[in-house]
Amino acid sequence: MHYQTTPSWGCYMSTSVLEDPVDRIERLAAENAVVIFSVSTCCMCHAIKRLFCGMGVNPTVYELDEDPRGGDMEKALMRLLGSSSPVPVVFVGGKLVGAMDRVMASHISGTLVPLLKDAGALWL
């Protein structure tokens, strides 16, 4: 399984120390075709990463438990989703797809692949 794990605090620390967590999530989500906000020990996060990698997509993954401001981002994701479970959360083409249930429903209904193609994540 190959995906790009990105330390979400690395090169942005100087410019985004006071950045609102929702603004930060939206900015990070817009920087790559497929972005997954995850927790490294979450089995559902692992499953969603495997799904995308199995489809030939190389998602950018932000492991919130490895980010100094990951807790604030998790709370912001819960508010965005209206859910008590903040991860995994998937953005495709900078747009919120949702948590595991929405991603799987999109995959099963056949709407996920066109989203991925439109975002430039798949070339099939």
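Heads up: numbering here begins at 1 and tracks the sequence.
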**Q** Give a yes or no answer on whether the side chain of N32 reaches the backbone of V34 with a donor-acceptor pair at less than 3.5 Å.
**A**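 No; judged by distance alone, with no hydrogens or angles, the pair does not exist.
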**Q** Look up atom CG in N58 and atom CG in L122, then write down how far apart they are to the nearest 0.5 Å.
**A**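 N58 CG to L122 CG: 11.0 Å, rounded to 0.5 Å.
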**Q** Is any side-chain heavy atom of L77 closer than 4.5 Å to a side-chain heavy atom of L64?
**A**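 Yes, side chains in contact.
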**Q** So, R69 and E19, do they make that salt bridge, N to O below 4.0 Å?
**A**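 A salt bridge is absent here (no side-chain N lies under 4.0 Å from a carboxylate O).
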**Q** Using side-chain contact (heavy atoms from CB on, under 4.5 Å) as the criterion, list what pairs up with S40, not counting sequence neighbours.
**A**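 If we apply the side-chain contact (heavy atoms from CB on, under 4.5 Å) test to S40, skipping adjacent residues, the hits are E63, D65, E66.
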**Q** Which atom pair, heavy atoms only, marks the closest approach of A76 to V22?
**A**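 Answer, listing the atom of A76 first, then V22: CB-CG2, 3.7 Å.
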**Q** Identify every side-chain donor-acceptor pair in residues 88-115 under 3.5 Å, counting partners at least two apart or on other chains, and give the distances.
**A**
unit_1 : atom_1 : unit_2 : atom_2 : d
S106   : OG     : R102   : O      : 2.9
S109   : OG     : A105   : O      : 3.1
S109   : OG     : S106   : O      : 3.2
S109   : OG     : T111   : OG1    : 3.2
T111   : OG1    : S106   : O      : 3.3

**Q** My understanding is that only one of V35, D67, I25 makes a side chain to side chain contact (heavy atoms under 4.5 Å, CB included) with Y62; could you say which?
**A**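 Of V35, D67, I25, side chain to side chain contact (heavy atoms under 4.5 Å, CB included) with Y62 is met by V35 alone.
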**Q** Is there side-chain contact between L116 and F52, with heavy atoms separated by less than 4.5 Å?
**A**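 A side-chain contact exists here, since the closest heavy-atom pair is under 4.5 Å.
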**Q** Strictly by side-chain hydrogen bond (donor to acceptor under 3.5 Å, both in side chains), give each pair with a member in residues 72-88 just once, sequence neighbours left out.
**A**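 Found none.
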**Q** Are the side chains of I36 and I48 in contact, using a 4.5 Å heavy-atom criterion?
**A**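 SC-SC contact between I48 and I36 confirmed.
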